[in-house]
Structure formats: C-alpha cells, structure tokens
Number of protein chains: 2
Amino acid sequence: MTAPASPSLPTSPPHSCPVTTTVAVIGGKWKAVAIYHLLGGPRRFSDLQRRMPGVTQRMLTLQLRELEADGLVHREVYPQVPPKVEYSLTPLGLTLEPIVRAMLAWGAAYRERDTQSGQSDPDA
Amino acid sequence: MTAPASPSLPTSPPHSCPVTTTVAVIGGKWKAVAIYHLLGGPRRFSDLQRRMPGVTQRMLTLQLRELEADGLVHREVYPQVPPKVEYSLTPLGLTLEPIVRAMLAWGAAYRERDTQSGQSDPDA
DNA sequence: CAGAATCCAAAACGATACTG
DNA sequence: CAGTATCGTTTTGGATTCTG
C-alpha cells in the first residue's frame, strides 16, 4: 500500500476487491521476486541484488522499503564497519508464500509453453 | 509479456526467475482483478468496467488487449447494432485461477488485519 | 456499446555520482 | 556494503473527444 498521501486525487477508490488490495501491496515490479528469494531465509542486500538480475540498487532499495512499510519485510541493520543489512520476511510476509509459489509454478509452466526446455532455479 | 520491441536496451535480462515472468504477464494494475472477474464466466466490456470501480475505459481496454495478446483472454465481438464484446478466459488464462484465488484470500485477510469487519464479494 | 485518438500529468524506472 | 541524491527518460494513467 504505502499511501501516497493522496495529494489531490484518490489513488484508488476504497478498492472494492480484495484482489486489488493484494496488487497494491505486492504489485511492484520486483516485490514478488524479492519475497520469493526471502522465502529461502534472510538475505543481505547485495545477496538479493545478485539473485535479481536487472534490478537496480535504487529500485531494490525502494521496493524493499515499501515492503517494510507494509509490514511484510523486516530490515535488520548490523552496525559494522562494512555495513551489513539483512532482510527477512515478517510473519505477515510469510503468509504470501502460497501466492508467490503459485506464481513461480505458473511462470515456469508458461515458459515451457513454447520453450520446450523446462528449467527451474531451486536455490537454497 | 507483450514484448516492447526492445528499441535499444533489454526490458529485462532473459529474466532468470519464473516469478518475474508471471509478474510480466499479470503484473498490470488491473490485470489480476480483470482475470478474477472473468473467473465468473464471460463478461461484457461494460460489465467488467462496472465491476472494477476506478478503472478507466482506456485502461481496461489496454489491459484486456495485453491479456489477449498473451493468450490469457479471448475477445469475442458480436457484430450487432449496439456493439457487444464479450471477454472470457482461455484455457491458459484459466490456469491462473490458483494465483488469483490466493490473491483474493490474502487481500481479504490483509484487510481484516486492522479493519475488523471482514467482507467478501462473492459474485456470480 | 465499445472502443480509438489525442493530449497531458504523474509515477515508475534507470544511470550515474556521492557518502557513512 | 548499502545506501542516498539528482537527473532524465520511459511508462502509466486519466480526461476528454470522436466514431462505427
């Protein structure tokens, strides 16, 4: 969600459909993927970035912050000399697992559709 | 997907993660909701629009066309005096049901989280 | 009714440079 | 390492008008 402070117009009418609510929360371009990788356990920022080819530092930061603001992701800062930040799913964030797993399965099947060389990326 | 013809740069690297593929296909602001309503059977354009408060005619058209281009939605035009167009899910589009249902359930639960007045919209 | 077309505002996104 | 800041581009989306 991360309310845009509604400057003058409603971002969306009191969205009637729960599906819309979900889209608002995990609809970002990289949110679902980030959550997917966090399902494997806590990850450092650079770790996530490496696992998400194509995402820029800026976008990853922004999307993670929104997820944090919506209570799905926890951000743990370790005050060290080379800074270390670990992201992990909150209990609420964990409840997204069914959705993300379904998206993973569907995406894989959709590719096989005409790519006849099915392959997954079962990471740790 | 609806490839942007990649003018000079890759919209995304041969996206490694299947989740990214799914996001590319149903990641639009209104796509998931539209698909949800189409799970209830074929719907006319105006019907969909009425069920999706906040969507503009233009956006609904655009998103439906993309879904059509990606093979998820079928568009049937009835050559009548007052034009009638019915949208329905293709077999492939139907395979999205698990995802959309999961999104529906999650969105509803997410709202109850602090809205203590749970309500669904079980349409036809 | 179901759109296509045009115009324009706002949001998303990318590249780059700088910092504790 | 993990950002933040700034700038410019691209995409998205809305309002409105016109049409078969």
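Quick caveat: nothing in here was measured; it's all calculated off a predicted structure. In what follows, chains carry the letters A, B, and so on, assigned in the order in which the sequence lines appear, proteins first and then strands, with residues in each chain numbered from 1.
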For this session: Round to the nearest Å and state the distance from B/Leu60 atom CG to C/dC1 atom C1'.
Result: 13 Å

For this session: Using the closest heavy atom to pick a nucleotide of DNA chain C for each, name whichever of A/Pro83 or A/Gly28 lands nearer the 5' end.
Result: A/Gly28

Exercise. Below 4.0 angstrom from OP1 or OP2 of C/dA2, is there any side-chain N or O of B/Ser46?
Worked result: yes

Problem set entry | All side-chain hydrogen bond (donor to acceptor under 3.5 Å, both in side chains) counterparts of A/Glu68, not counting sequence neighbours | none

Problem set entry | Residues in side-chain hydrogen bond (donor to acceptor under 3.5 Å, both in side chains) contact with A/Thr90, at least two apart in sequence or another chain | none

Exercise. Do B/Glu86 side-chain atoms and B/Arg44 backbone N/O form a donor-acceptor pair below 3.5 Å?
Worked result: no

For this session: Can you tell me the distance, in whole Å, between the CG atom of B/Leu64 and the P atom of D/dG13?
Result: 13 Å

For this session: Check every atom of D/dC1, D/dA15, D/dG3 against the side chain of B/Thr56 and return the nucleotide holding the closest atom.
Result: D/dA15

Problem set entry | Integer-rounded Å distance: D/dG14 P and B/Met52 CE | 11 Å

Exercise. Between atom CD in A/Gln80 and atom P in D/dC1, what is the gap in whole Å?
Worked result: 12 Å

Exercise. Is the backbone of A/Pro42 close enough, under 3.5 Å, to the side chain of A/Ser88 for a donor and an acceptor to pair up by distance?
Worked result: no

Exercise. Between D/dT11 atom P and A/Lys29 atom NZ, what is the distance in whole Å?
Worked result: 9 Å

Exercise. Hey, does A/Tyr87 reach any base, or is it just sugar-phosphate, or nothing, if we go heavy atoms under 4.0 Å?
Worked result: sugar-phosphate

Problem set entry | Between the first and last five pairs of the helix from C/dC1-D/dG20 to C/dG20-D/dC1, the angle of the axes, rounded to 10 degrees | 50°

Exercise. Whole-Å distance between D/dT16 P and B/Met59 CE?
Worked result: 17 Å

Seminar exercise, completed: Contacts of A/Arg75 meeting salt bridge (Lys or Arg N to Asp or Glu O under 4.0 Å) (sequence neighbours excluded), chain-then-number -> none

Problem set entry | Atom-to-atom span, CD of A/Glu66 to C1' of C/dA11 - whole angstrom | 11 Å

For this session: Round to the nearest Å and state the distance from B/Tyr78 atom OH to D/dG20 atom C1'.
Result: 19 Å

Problem set entry | Pairs where residues 91-103 of chain A contributes a residue and the test side-chain hydrogen bond (donor to acceptor under 3.5 Å, both in side chains) is met, not counting sequence neighbours | A/Thr95-B/Trp106, A/Glu97-A/Arg101

For this session: Apply side-chain hydrogen bond (donor to acceptor under 3.5 Å, both in side chains) to A/Glu76 and list each qualifying residue two or more places apart in sequence or on a separate chain.
Result: A/His74

Between the protein and nucleotides 4-10 of chain D, list the N/O to N/O atom pairs that are separated by less than 3.5 angstrom.
| unit_1 | atom_1 | unit_2 | atom_2 | d |
| --- | --- | --- | --- | --- |
| D/dT4 | OP1 | A/Arg65 | NH1 | 3.0 |

For this session: Would you indicate what A/Gln63 reaches in the nucleic acid, counting non-hydrogen atoms under 4.0 angstrom: base, sugar-phosphate, or nothing?
Result: sugar-phosphate

For this session: Can you run down the ring pair (Phe, Tyr, Trp, His ring centres under 6.0 Å) pairs that involve residues 53-73 of chain B, sequence neighbours left out, and say none if there aren't any?
Result: none

Problem set entry | Any residue meeting side-chain hydrogen bond (donor to acceptor under 3.5 Å, both in side chains) with B/Arg50, in chain and number order, not counting sequence neighbours | none

